[in-house]
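This report refers to the structure that appears directly beneath it.
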Amino acid sequence: MSPFRAAEAGAALLLALLLLLLTACGSRLPERAFETRPTAHPSGGEPLRVGIITSVTSPVGGQAFTGTRDGARAYFDALNARGGLDGRRVEVETCDDGGSGVGNNACVHRLIDERGVFALVATTALDYAGAPLVSRAGVPDIGGQPLTPAYDTYPHLYGIYGSSAPRTGKEPGWGGVLYGGTEVYRWFAKEKGARTAAVVSYNQSASAAYARLVTRGLRAEGYRVVGEQVDFALPNFRAVAADLRAQHVDVLFDAMDTHGNVRLCEAMEDLGVRVDAKVTNVQNWSSSVARDYARAPGCRDALWVTGASRNHQDTGNPAVREFRAAMGERPLSQWQLEGWAAAMWFTDAARSCLAGRGTDGGDSSGGSGAAGGGGNGDAGGGLTRACVEAYMNRPEAYTARGLLLPVRYEHLARPPATRNTCLSVAHWQDGRGWVSQGEMTKNCATVPQLGYRP
């Protein structure tokens, strides 16, 4: 497992870019801040209460961050339909933090202090300002999306991709430095024969910093790198597209948001520019590609995505089929699948406490359970926060029945110089959607780990 997976890097960049939008916005908590499902009291007793914090009504738009919440809800719905945990319903309380630090802190207080949730699950916060409060309260936060360095900083927080950092609560990573591998660049060099890569960024600090990290990784893997930078306010994507053709670029990476990517693809389409691969990240791994890139079919055909979870279109996998059946007819995304896996992770941890053992099963057919979700961390029947965290910190890797590449939480005093890291890869094909490229547990290589400051 890499200390900082490629999937996290794209999400961290997205946060940095979108925070630019927040500077002009107010900090009032949105009216929809506290979305709570009706409390159900089955005959077995009080429900086990968990919380989900999501930046729903953020300046980015209502669909940008809701995938993990929806996937987690679908898992708990399926679990409850089959009897819950030891006959006790898992009650989901959601809170929309509005994409602001003020709203995030309010959600943390609401869910932990007022509603007494036993744990947080699948957190997806644009500004996770409440992370120190969660950590101090000793509330497990399981399977969150690492849009900020919080999951590499604080104890009691467990992001969906794991961490090797000390996580003392003082600073992220090792002395404020996080590390990322070059597995993505290695894969495209080996499997696609790519030798010349372009990195497109904005003339903005976060975008430029991420572009430098990508460039370092590409050069470490022997690429010739073409740097392209556009003005954040008035980007000239046609000039970039023309230079991509002149430089005979094989593979295209970016340090931009989805809107910028779409506009670049449209400019490439207008000029008839083609590359072998246009690589995007897990946040854009969704079924909306056909709509988003409707005016750029050539670029759409070159779209590739990489991540650390199994393609949500791998219908040959039974765990994926279970996820898809629970989601019904809704448009699908990779973040939904990762939210589902986060809920499974919490459930398996809780079940291990009640059964007196730990497994990596992730069976949503029910099992042992406990009542309540009190602030003292004891849900009754042997289920405590300390026990749940013992499961999270165990040396065995977790895979959510094969939906995740092996995840574990370590506390390494020093970052490793190299890691054997695996990669999930998919290619968009019209009429078929995202098509997996090889088995993700075998798309592996030992690659260098490069440090950077978030």
Side-chain angles (χ1 to χ4, degrees), residues 5 7-8 10-11 14 35 37 50-58 60-81 90 92 94-96 120-126 141-147 159-161 258 280-292 303 305-348 362 364 398-405 407 424-426 428 433-436 440:
R5 292 192 186 277
E8 297 178 65
L14 178 68
E35 301 175 343
R37 287 196 164 195
V50 300
I52 301 177
I53 300 175
T54 312
S55 297
V56 179
T57 56
S58 72
V60 188
Q63 299 302 313
F65 298 105
T66 57
T68 50
R69 179 203 65 187
D70 295 344
R73 273 182 159 180
Y75 182 88
F76 288 128
D77 284 347
L79 178 68
N80 288 334
V90 176
V92 178
T94 63
C95 189
D96 171 16
L120 299 176
V121 177
T123 300
T124 307
L126 187 61
D141 176 350
I142 297 174
Q145 286 292 336
L147 296 181
I160 194 67
Y161 305 128
T258 301
T280 188
N281 58 63
V282 67
Q283 204 274 333
N284 298 312
W285 194 340
S286 71
S287 57
S288 67
V289 165
R291 181 192 67 226
D292 294 341
L303 282 178
V305 68
T306 64
S309 54
R310 188 170 298 280
N311 184 1
H312 65 265
Q313 292 195 220
D314 277 352
T315 55
N317 181 277
V320 172
R321 289 199 301 271
E322 183 182 4
F323 158 74
R324 292 174 64 93
M327 296 302 295
E329 298 300 317
R330 285 175 281 190
L332 298 178
S333 74
Q334 202 65 12
W335 269 12
Q336 290 170 348
L337 180 140
E338 291 183 353
W340 171 277
M344 184 189 298
W345 202 354
F346 166 77
T347 301
D348 285 347
S364 65
Y398 185 77
T399 67
R401 291 178 58 203
L403 293 178
L404 302 175
L405 285 169
V407 183
S424 179
V425 186
W428 178 267
W434 291 107
V435 179
S436 297
M440 69 177 186

Is the closest side-chain heavy-atom distance between [X] and [Y] below 4.5 Å?
| X | Y | result |
| --- | --- | --- |
| L147 | T124 | yes |
| W335 | V282 | yes |
| R69 | V92 | no |
| Y75 | W345 | no |

Q145 and T68: side-chain donor and acceptor closer than 3.5 Å?
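Per modelled atom types, Q145 and T68 side chains form no pair under 3.5 Å.
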Once the angle between the rings of W285 and H312 is folded into 0 to 90°, is it parallel (under 30°), tilted (30 to 60°) or perpendicular (over 60°)?
tilted
What distance do [X] atom [atom1] and [Y] atom [atom2] have between them, rounded to the nearest 0.5 Å?
| X | Y | atom1 | atom2 | value |
| --- | --- | --- | --- | --- |
| R324 | R330 | CZ | CZ | 12.5 Å |
| F65 | T123 | CZ | OG1 | 13.0 Å |
| R401 | W340 | CZ | CH2 | 8.5 Å |
| M440 | D314 | CE | CG | 8.5 Å |
| L120 | I53 | CG | CD1 | 5.0 Å |
| M344 | L337 | CE | CG | 8.5 Å |

Which pair of heavy atoms, one from N281 and one from V305, lies closest together, and at what distance?
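Heavy-atom minimum between the residues: O-CG2, 3.3 Å.
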So, for T66 and T54, which heavy atoms are closest and what is the spacing to 0.1 Å?
CA-CG2, 4.1 Å
